[in-house]
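Inspection log for the structure reproduced underneath, given as structure tokens.
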Amino acid sequence: MNPDANFSEGNQKKLLTQISLGDQSSFRQLYHQFYKKLLQFAFVITRNNEVAEELVEDVFIKFWKNKKNAENIRNVKVYLYSAAKNTCLNYLSSKAHENITQPFDAINIELANPLSPDQILIYRETYTKIKSAIETLPPRCKMIFKLIREDGLKYKEVAEILNLSISTIEAQMTIAIRRIAFIIKEDLEKTPVSSNSKK
């Protein structure tokens with residue numbers, strides 16, 4: 001089930017209004033809705049789980065401190081991802097850390113439905129190939145692919161978070177999908193059909 005399914009625009013507005021009035025249960029609901037995703041996002045940037053946890057906590061602490069302005073937020077998903085990105089970049093800048101173009105490779109692809117043993121074997125082989133293909137993507141392309149395919153953000157939301165145009169997001173996704181598809185197709189063409197499969 002999509003965790004965002006019950007987080008419609010109407011529900012979001014109601015939740016933010018309650019938070020702006022100081023309702024802690026509504027704030028906890030928001031926290032549980034986004035904490036894990038923001039943590040993964042922050043880890044991709046910082047490459048340090050403890051630092052990522054601390055920075056995401058900072059994002060929510062600041063959000064609660066400024067709760068009176070919560071009801072004025074147009075899109076809380078974009079707001080939180082942008083806040084997490086800026087907090088991470090500020091941290092890296094202050095620590096003179098690694099170049100921000102390096103860490104965008106923590107990408108996971110999950111399947112929602114159970115698989116048969118044969119499907120699992122095929123999936124594992126394909127998964128490895130997809131991971132390898134993703135590793136060949138340029139850093140920004142990889143980050144965009146992750147936000148859209150793993151975190152479920154819309155093109156427009158990713159464009160806002162990364163301060164890019166929607167056309168750039170579309171172009172980067174096209175590059176990613178074409179490269180991954182090409183590598184998988186090329187590999188399949190090289191793989192001989194097993195005689196054991198002909199029964």
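Bear in mind the structure is a predicted one, so any value in this text is a computation, not a measurement.
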Here the salt bridge (Lys or Arg N to Asp or Glu O under 4.0 Å) pairs for residues 53-69, sequence neighbours left out, are none
Residues passing the side chain to side chain contact (heavy atoms under 4.5 Å, CB included) test with S167, sequence neighbours excluded, are S165
With sequence neighbours left out, the residues meeting side chain to side chain contact (heavy atoms under 4.5 Å, CB included) with F63 are L16, I19, F27, L30, A70, I73, V76, Y79, L80
Note to self: Contact between I144 and L164 at the side-chain level, heavy atoms closer than 4.5 Å - yes or no?
What the structure shows: yes
CG (N72) and OG (S20) are apart, to the nearest 0.5 Å, by 8.0 Å
| said: I'd like to know if the side chain of D151 reaches the main chain of L153, judged simply by a donor and an acceptor atom lying under 3.5 Å from each other, with no hydrogens or angles considered. | reply: no
Rounded to the nearest 0.5 angstrom, the CG-NZ distance for L137 and K146 is 14.0 Å
Between V59 and T87, the two heavy atoms sitting closest are CG2-OG1, 3.6 Å
Y81 vs L147 side-chain heavy atoms within contact, under 4.5 Å = yes
Closest non-hydrogen atoms of I161 and K85, given as atom of the first, atom of the second and distance, are O-NZ, 2.5 Å
Subject >> Note, E50 side chain near F43 side chain (heavy atom, < 4.5 Å) >> reply: no
Taken in chain and number order and not counting sequence neighbours, the residues that satisfy side-chain hydrogen bond (donor to acceptor under 3.5 Å, both in side chains) with E71 are none
Hey, is the main chain of E170 close enough, under 3.5 Å, to the side chain of T174 for a donor-acceptor pair? yes
Here the gap from R28 atom CZ to F60 atom CZ, rounded to the nearest 0.5 Å, amounts to 13.5 Å
(Q) Please determine whether residues I180 and I175 belong to a single hydrophobic cluster, defined as Ile, Leu, Val, Met, Phe, Trp and Tyr linked transitively by side-chain heavy-atom distances below 4.5 Å. (A) no
Applying a strict under-4.5 Å side-chain criterion to I, L, V, M, F, W and Y, I'd like to know whether L21 and L15 cluster together. no
d(Q18 CD, K13 NZ) to nearest 0.5 Å is 13.0 Å
Taking the side chain as every heavy atom from C-beta outward, state whether F145 and Q172 have any pair of such atoms under 4.5 Å apart. no
side-chain hydrogen bond (donor to acceptor under 3.5 Å, both in side chains) filter on N75, not counting sequence neighbours, yields E157
Checklist entry - Does a donor on one side chain sit under 3.5 Å from an acceptor on the other, for S25 and D23? => result yes
Legend entry - Validation row: K77, K37 side chains within 4.5 angstrom (heavy atoms): no
Taken in chain and number order and not counting sequence neighbours, the residues that satisfy side chain to side chain contact (heavy atoms under 4.5 Å, CB included) with K156 are E160, I166
Checklist entry - Would you say V78 and V158 make side-chain contact, with heavy atoms under 4.5 Å? => result no
Quick one, N49 with Q40, criterion side chain to side chain contact (heavy atoms under 4.5 Å, CB included). Give me CA distance, side-chain angles, the key distance, then yes/no. CA-CA 9 Å; N49 195 55; Q40 291 172 351; over 6 Å; no
Closest heavy-atom pair, T46 versus A52, reported as atoms and distance to 0.1 Å, is OG1-CB, 3.9 Å
One should read off an interatomic distance between M173 CE and C141 SG, to the nearest 0.5 angstrom, of 8.0 Å
